[in-house]
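Worth knowing before you read on, the calculation uses all heavy atoms, side chains too, and leaves out hydrogens, waters and symmetry mates.
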Amino acid sequence: MAPSFPGSGLAKGLAVTLRTMTRKTVTQQYPEAQPELPPRTRGVIGLFEENCTVCMLCARECPDWCIYIDSHKETVPAAVPGGRERSRNVLDRFAIDFALCMYCGICIEVCPFDALFWSPEFEYSETDIRDLTHERDKLREWMWTVPAPPALDPAAEEPKELGAARKAAEKLAAARREREQEAGE
């Protein structure tokens, strides 16, 4: 351990203070200049209503119980004559109380139909806490601010499904060429 002389801690502290005082300050003027957000920013949750089947998984898995969903059943006529009528859920209300939400993202992860997404929007403050419950119209507006997914890595391995489909298509094309050659002879 190096020997210290009286006042060395004070001298080190003053040196740090002087270094900091001589640097140019960097202040972002927020309302005028929007901040540069990272690509995976968690702002609010956007709803892609067309994909929502009212399965209620998001509301059931939410640890804060801040998602409110109301729906009703409608009967859909048979697609073919003699078929039976089907029933489907129709979304009446989808609301998230952002005063309760802890932004954990569980609702987004458990959604099997990709109806919920993270939006980078962060300017949704309210003066009254009761106004932080946003209905599906507002959630739909935020959906259009969701960034596109990142491009696939060009060096990544091709998905197995695509490889299998390509092999099947090549086999069919080879068989067709073979038949055409036999027919041409």
Side-chain angles (χ1 to χ4, degrees), residues 28 30-80 82-169:
Q28 292 183 354
Y30 162 62
E32 293 83 26
Q34 291 294 319
E36 187 72 29
L37 299 173
R40 295 185 60 181
T41 299
R42 288 185 176 191
V44 292
I45 297 168
L47 171 68
F48 191 55
E49 192 175 338
E50 289 76 16
N51 286 356
C52 183
T53 61
V54 196
C55 65
M56 305 276 199
L57 274 175
C58 55
R60 277 186 271 157
E61 295 297 324
C62 179
D64 291 331
W65 292 85
C66 64
I67 299 175
Y68 310 108
I69 300 174
D70 292 329
S71 67
H72 70 275
K73 288 195 180 278
E74 280 185 357
T75 56
V76 179
V80 294
R84 67 181 178 115
E85 292 180 338
R86 307 276 181 179
S87 65
R88 69 179 180 115
N89 287 330
V90 177
L91 187 64
D92 292 329
R93 179 181 186 223
F94 193 104
I96 299 176
D97 188 353
F98 285 104
L100 296 175
C101 183
M102 65 180 185
Y103 302 92
C104 64
I106 292 174
C107 57
I108 295 169
E109 291 175 17
V110 300
C111 183
F113 302 104
D114 289 333
L116 298 173
F117 294 90
W118 281 118
S119 168
E121 287 293 314
F122 61 92
E123 297 177 310
Y124 57 95
S125 63
E126 300 287 343
T127 56
D128 189 1
I129 196 167
R130 292 172 290 200
D131 294 335
L132 282 172
T133 300
H134 295 291
E135 299 292 331
R136 69 181 182 179
D137 296 333
K138 188 67 175 173
L139 299 175
R140 188 183 311 118
E141 285 177 30
W142 284 328
M143 182 60 212
W144 307 120
T145 63
V146 172
L152 295 176
D153 184 7
E157 188 176 300
E158 181 180 56
K160 293 177 184 171
E161 295 85 3
L162 286 179
R166 181 174 288 113
K167 285 180 185 176

Straight-line distance of [X] [atom1] to [Y] [atom2], nearest 0.5 Å:
X: Ile129; Y: Thr127; atom1: CD1; atom2: OG1; value: 11.5 Å
X: His134; Y: Asp97; atom1: NE2; atom2: CG; value: 9.0 Å
X: Trp144; Y: Ser119; atom1: CH2; atom2: OG; value: 12.0 Å
X: Leu57; Y: Cys62; atom1: CG; atom2: SG; value: 12.5 Å
X: Trp118; Y: Ile108; atom1: CH2; atom2: CD1; value: 4.5 Å
X: Ile67; Y: Ile96; atom1: CD1; atom2: CD1; value: 5.0 Å

With side chains defined as the heavy atoms from C-beta onward, is the minimum distance between [X] and [Y] less than 4.5 Å?
X: Met143; Y: Leu47; answer: no
X: Pro35; Y: Tyr30; answer: yes
X: Cys107; Y: Glu61; answer: no

- Can you list the steps and then say if Val76 with Ser87 is a side-chain contact (heavy atoms from CB on, under 4.5 Å)? CA-CA 6 Å; Val76 179; Ser87 65; over 6 Å; no

- Message: Taking the basic N atoms (NZ, or NE/NH1/NH2) and the acidic carboxylate oxygens, is any pair closer than 4.0 Å for Glu141 and Lys138?
- Response: yes

- Item | Residue list, side-chain hydrogen bond (donor to acceptor under 3.5 Å, both in side chains) with Arg60, at least two apart or on another chain | none

- Please test Phe94 against Arg140 for side-chain contact (heavy atoms from CB on, under 4.5 Å), starting from the C-alpha separation and ending with a verdict. CA-CA 10 Å; Phe94 193 104; Arg140 188 183 311 118; over 6 Å; no

Over all atoms of both residues, closest heavy-atom pair of [X] and [Y]:
X: Pro120; Y: Pro147; result: CD-CD, 3.7 Å
X: Thr75; Y: Glu85; result: CB-OE1, 4.4 Å
X: Ile69; Y: Ala59; result: CD1-CB, 4.1 Å
X: Pro63; Y: Met102; result: CG-CE, 3.3 Å
X: Met56; Y: Ser71; result: CE-OG, 4.5 Å

Can you establish whether the number of heavy atoms outside [X] located under 6.0 Å from its atom [atom1] is more than 12?
X: Glu74; atom1: CD; result: yes
X: Gln28; atom1: CD; result: no
X: Arg93; atom1: CZ; result: yes
X: Glu36; atom1: CD; result: no

[X] side chain to [Y] backbone, donor-acceptor under 3.5 Å:
X: Asp131; Y: Glu126; value: no
X: Arg136; Y: Leu91; value: yes
X: Asp153; Y: Ala155; value: yes

- Consider only side-chain N and O atoms of Glu135 and Tyr68, and report whether a donor and an acceptor are under 3.5 Å apart. no

- Query: Checking side-chain contact (heavy atoms from CB on, under 4.5 Å) for the pair Leu116/Phe48: CA distance, chi angles, key distance, verdict?
  - Reply: CA-CA 6 Å; Leu116 298 173; Phe48 191 55; over 6 Å; no

- Message: For residues 108-122, which residue pairs pass the salt bridge (charged side-chain N to carboxylate O under 4.0 Å, His left out) check, not counting sequence neighbours?
- Response: none

- Are Asn89 and Lys73 close enough, and set up right, to give a side-chain contact (heavy atoms from CB on, under 4.5 Å), and what steps lead you there? CA-CA 5 Å; Asn89 287 330; Lys73 288 195 180 278; 3.3 Å; yes

- Check ring pair (Phe, Tyr, Trp, His ring centres under 6.0 Å) between Tyr124 and all other residues, then give those that pass, not counting sequence neighbours. Phe98, Trp142

